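All of these numbers come straight from a predicted model, not from anything done at the bench.
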Protein chains: 2
Amino acid sequence: MRLKKYTDYALRVLMYTATKNEEKVSIKEIAETFFISSEHIRKVVHQLSKAEYIETTRGRNGGIVLAKSPTDINIGSVIRIMENDFYLLECFDDGHNQCVITPACHLRHVIGEAMNAFFQVLDQYTLADLMENKEELRALMNQ
Amino acid sequence: MRLKKYTDYALRVLMYTATKNEEKVSIKEIAETFFISSEHIRKVVHQLSKAEYIETTRGRNGGIVLAKSPTDINIGSVIRIMENDFYLLECFDDGHNQCVITPACHLRHVIGEAMNAFFQVLDQYTLADLMENKEELRALMNQ
DNA sequence: AAAAAAGATGTATTTTTTATACATCTTTAT
DNA sequence: ATAAAGATGTATAAAAAATACATCTTTTTT
Ligand code: SF4
Ligand code: SF4
């Protein structure tokens, strides 16, 4: 059981961007901060932008800013969007389920309940909660 | 985010075995019930046996029985054993973590808390809970 | 003793998913 | 025009998971 690296990268992009209040940040500087190829960050940024968490501006002096206040960026929602696939079990994917006991199986409800508990925790936090020690984070990011 | 098919197969083996109280069951019949190759079931059975959830007997009239009462087989523990890897994030794997903000990052604690909530639910259930409607399950398994 | 039925072990292959890289746009301030 | 930024599409590589194959060993029955 793992989350995708892209999901984590997405949160890093949001955290990095949040350290620079209204100032624009570039894909390049995020990539260099975390020692990740700009290529990956680029894709993550694209998705975050489509989901309207950030606003991007092309061209010279372009860059990225948050599209809303950190208090309005919910961690659970970010993870749901980045992690497209939550088919923890075969029977969660109606289209491909071939398990014969599905109609009577309690296991699927137990796992479903566990997954809900997982998200219930995530849904309680926003980007603002992650930025509570903004200065400390900024220092580690070598700003 | 997915569980491995093997993890689910392991639970199916346990549920199937639980429907036949003390009677031995064979890998072949489990495989045929769920339309899965015996090869996969064999591996799962091997792991379940090593973890002492089931007892296997070789030879003619051999087969599988539960090694303990369904009330003593905790779902969370089965999943923890079958699913070896819970490195939801890069920083969860000390050996390979290169994330620069790890010392100050709150995200990792949020995800950790969510994962705990996930297991806390699973830890509340045992195989016995899944067998509450044993007859219904048995019918779907064509017994 | 031989045969058959069961599980044990080890290894190899294939498929799927995820991660990564490359090439080529488009936009915009200077 | 040019340079600096992001946008898009596609291709490749690496890792993980799923699947298959071959060959044991154990035990009961005949
Ligand atoms: S055994 Fe239960 S949980 Fe697993 S795939 Fe079948 S219905 Fe779903
Ligand atoms: S950003 Fe936080 S959660 Fe993600 S790898 Fe770094 S320390 Fe871990």
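- Between B:Lys20 and B:Glu29 a salt bridge is recorded (basic side-chain N to carboxylate O distance below 4.0 Å).
- Atom CD in A:Glu32 sits roughly 14 Å away from atom C1' in D:dA5 (whole-Å rounding).
- Remark: B:Thr57 is not in phosphate contact with C:dG7, judged by side-chain N or O atoms under 4.0 Å from OP1 or OP2.
- C:dA29 atom C1' lies 10 Å from atom NZ of A:Lys24, rounded to whole Å.
- Distance, A:Ile54 CD1 to D:dA5 P: 16 Å, rounded to whole Å.
- Atom CD of A:Gln98 is separated from atom P of D:dT19 by 11 Å (rounded to the nearest Å).
- The CD1 atom of A:Ile41 sits 16 Å away from the C1' atom of D:dA7 (whole-angstrom rounding).
- Between B:His40 and B:Tyr6, the ring-plane angle classifies as tilted under the 30° and 60° cut-offs.
- Within the 4.0 angstrom heavy-atom criterion, only backbone atoms of the sugar-phosphate kind lie near B:Val25; the bases stay farther away.
- Among B:Lys5, B:Arg12, B:Lys4, the single residue meeting the salt bridge (charged side-chain N to carboxylate O under 4.0 Å, His left out) criterion with B:Asp8 is B:Arg12.
- Considering only side-chain N and O atoms, A:Asn61 lies under 4.0 angstrom from the phosphate OP1 or OP2 of C:dT30.
- A cation-pi contact links A:Arg80 to A:Phe119, judged by a cut-off of 6.0 Å to the six-membered ring centre and 45° from its axis.
- With respect to the salt-bridge test (charged N to carboxylate O, under 4.0 angstrom), the residues B:Glu39 and B:Lys43 do not qualify.
- What separates CD1 of A:Ile30 from P of D:dA5 is a distance of 12 Å, to the nearest Å.
- Counting only heavy atoms from C-beta on, B:Ile27 has its side chain closest to C:dG7 among D:dT28, C:dG7, D:dA7.
- The CD-P distance, from A:Glu55 to D:dA5, rounds to 19 Å in whole Å.
- Checked for salt-bridge contact, B:Arg2 and A:Asp93 miss the test: no charged N lies under 4.0 Å from a carboxylate O.
- Put simply, A:His46 has a side-chain N or O that comes within less than 4.0 Å of OP1 or OP2 on D:dT8.
- Here the C1' atom of nucleotide C:dA5 and the CZ atom of B:Arg60 are 6 Å apart, to the nearest Å.
- Within 6.0 Å of the CD atom in A:Gln120, the count of heavy atoms belonging to other residues, nucleotides or ligands does not exceed 12.
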Base-contact (B) and sugar-phosphate-only (S) positions in nucleotides 16-21 of chain C, heavy-atom cut-off under 4.0 Å, - elsewhere: -S-SBB
